[in-house]
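All heavy atoms count here, side chains included; hydrogens, waters and symmetry mates do not. Every value quoted in this text rests on a predicted model; they were computed, and no experiment measured them. Each chain gets a letter, A, B and so on, in the order its sequence line appears, and its residues count up from 1.
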2 protein chains.
Amino acid sequence: MALEKETEEKIFKAAQTVFQKRGFDGARMQEIADEAEINKSMLHYYYRSKDKLFQEVFQAGVKKVMPQLFGIISSELSLQEKVEKVVNFYHDMFWENQHLPSFVTYEMNQHPERFQEFMSNMNIKIPDVFADQIRKEVEAGRMADIPPRQFLMNIVGMSMMPMVAKKMVQTIFSLDEEGYFEFLEERRKLIPILIFKGVQPS
Amino acid sequence: MALEKETEEKIFKAAQTVFQKRGFDGARMQEIADEAEINKSMLHYYYRSKDKLFQEVFQAGVKKVMPQLFGIISSELSLQEKVEKVVNFYHDMFWENQHLPSFVTYEMNQHPERFQEFMSNMNIKIPDVFADQIRKEVEAGRMADIPPRQFLMNIVGMSMMPMVAKKMVQTIFSLDEEGYFEFLEERRKLIPILIFKGVQPS
DNA sequence: AAGTGTTTCAACCATTTGGTTGAATTTTTT
DNA sequence: AAAAAATTCAACCAAATGGTTGAAACACTT
């Protein structure tokens, strides 16, 4: 039982590594087996097919991102704190899972049908508390009128884009690994300021 | 000779459609042939291999995006006008090439080596005129101090992210095709305002 | 009309790939 | 110690896939 769980986990982690790096179409079962240091037979012993293994990896990926995001914006924190928390969450998560943002984004485009149901099952919608918070700021004249979905898109776009387009950013700005990380740390501080100044009333 | 060019172009356009939609690994030569309404033999008659065909499609994709972007920010327009032009360029280009932003971004991550040289050959770096423009605004106290690369990243991130993550945006915000397009048109107007308010001096 | 390049078609090939099988070995449970 | 489960290995299979070939039909140029 101890070994059993270990192996299943080894396989799963290897699958995460390979799928997130290569995508579904680019991933090879043999590479997953090698990465897990087991043989191909074991893959099918624990997970019946590539498809099934992929689904679990993908869903785990979505679960690692979405609940946290919606957890933060559904909380009772101030808007300011929410923005900072979301930005920090994306940046922290990215160090541990460099390919995750790109992976989830891309595979979601490739197989939307399969996962829209799965997404609806989780509580994926802009929470009232978040929309209300923005409306209140607008009515108090402390914020320009902006649709909550656009406000959210600003935060996510500003944070995720440089992660999803890592190699593009590195190439255009001539950044090695270290320079790229500095670039992201620079952004981490800048984004909340930008977001709020950006919606000041004019 | 007339037919020759036509066929080569039919193949190329079909390859664009299929590669941009499915990615290199997901694309099938047979599907490209079907899309072009010719048979597989012709693909190899004009383009020797999948790899070669892909390279041309990818490079054409990069060329459709990068020179325009850098053309705009290298021009003699005001900062304000540049931002508006870039945002409009991304939004206009996207209607015609819905998969292009996602395609270029993703494939660049998958095969960075192959294309970094190609990118250097084009004049891909932040032009002095753009950096100077920002520096001047900062020194005049009309703008908060912000690294030019971050300023550029803001524009591109705000514009491209909802395109690259189309299905994610649609799912989270419950948008059908029409609602999604409205969402993007809403953004087209919002982004320049946000960008400039965001960097106002405090 | 002859010759050249283009296009089709169908068959073919080698390789890759996801998946299977079954026997042998090791580990865990009872 | 016996039974059950986990693991390995190597061989195997069928389907998919990128690519090739060669002959026949067609189009275009000269």
Exercise for the section: Consider the side chain of Ile38(A), meaning its heavy atoms from C-beta on, and name the nucleotide among dG19(C), dT8(D), dG19(D) that approaches it most closely. Expected result: dT8(D)
Exercise for the section: Specify the separation, in whole Å, of atom OH of Tyr47(A) and atom P of dT20(C). Expected result: 16 Å
Practice task
Given side-chain contact (heavy atoms from CB on, under 4.5 Å), test Leu43(A) with Ile38(A) step by step and report yes or no.
Solution key: CA-CA 8 Å; Leu43(A) 292 185; Ile38(A) 48 111; 4.0 Å; yes
Handout entry: Separation of atom CG in Asn39(A) from atom C1' in dG19(C), rounded to whole Å
Key = 13 Å
Problem - Donor + acceptor pair across side chains of Gln170(B), Glu177(B) (<3.5 Å) - result: yes
Handout entry: Asp34(A) CG - dT8(D) C1' separation (whole Å)
Key = 14 Å
Practice task
Give the rounded distance in Å between these two atoms: CD1 of Ile11(A) and C1' of dT8(D).
Solution key: 13 Å
Problem - Phosphate OP1/OP2 of dT7(C): any Tyr45(B) side-chain N/O under 4.0 Å - result: no
Problem - Residues Gln30(A) and Asp34(A): side-chain donor-acceptor under 3.5 angstrom - result: yes
Problem - Donor-acceptor pair between Gln80(A) and Glu84(A) side chains, under 3.5 angstrom - result: yes
Exercise for the section: For Gln30(A) and dC12(D), give me the distance from atom CD to atom P, rounded to whole Å. Expected result: 17 Å
Handout entry: Shortest side-chain distance from His44(A), nucleotide among dT8(D), dG19(C), dT8(C)
Key = dG19(C)
Practice task
Figure out the NZ/P separation between Lys10(A) and dA6(D), and round it to whole Å.
Solution key: 15 Å
Problem - Touch class at under 4.0 angstrom, heavy-atom based, for Met42(B) against every strand present - result: base
Exercise for the section: Indicate whether OP1 or OP2 belonging to dG18(C) is found under 4.0 Å from a side-chain N or O atom of Arg28(A). Expected result: yes
Exercise for the section: Grab the NZ-P distance between Lys40(A) and dT16(C) for me, whole Å please. Expected result: 13 Å
Problem - Side-chain N or O of Thr7(B) closer than 4.0 Å to phosphate OP1/OP2 of dT7(C) - result: yes
Problem - Lys50(B) (side chain) and dG19(D) (base): donor-acceptor pair under 3.5 Å - result: no
Exercise for the section: Just call it for Ala27(B): base, sugar-phosphate, or nothing, with non-hydrogen atoms closer than 4.0 Å on any strand. Expected result: sugar-phosphate
Problem - Atom pair NZ (Lys52(A)) and NE2 (His44(A)), whose distance is rounded to the nearest 0.5 Å - result: 12.0 Å
Exercise for the section: Tell me what Leu43(B) touches on the nucleic acid: a base, only sugar-phosphate, or nothing, going by heavy atoms under 4.0 Å. Expected result: nothing
Practice task
Could you tell me the separation between the CE atom of Met29(A) and the P atom of dA14(D), rounded to a whole number of Å?
Solution key: 20 Å
Exercise for the section: Could you check whether Ser41(B) gets within reach of a base, just the sugar-phosphate, or nothing at all, counting any heavy atom under 4.0 Å? Expected result: base
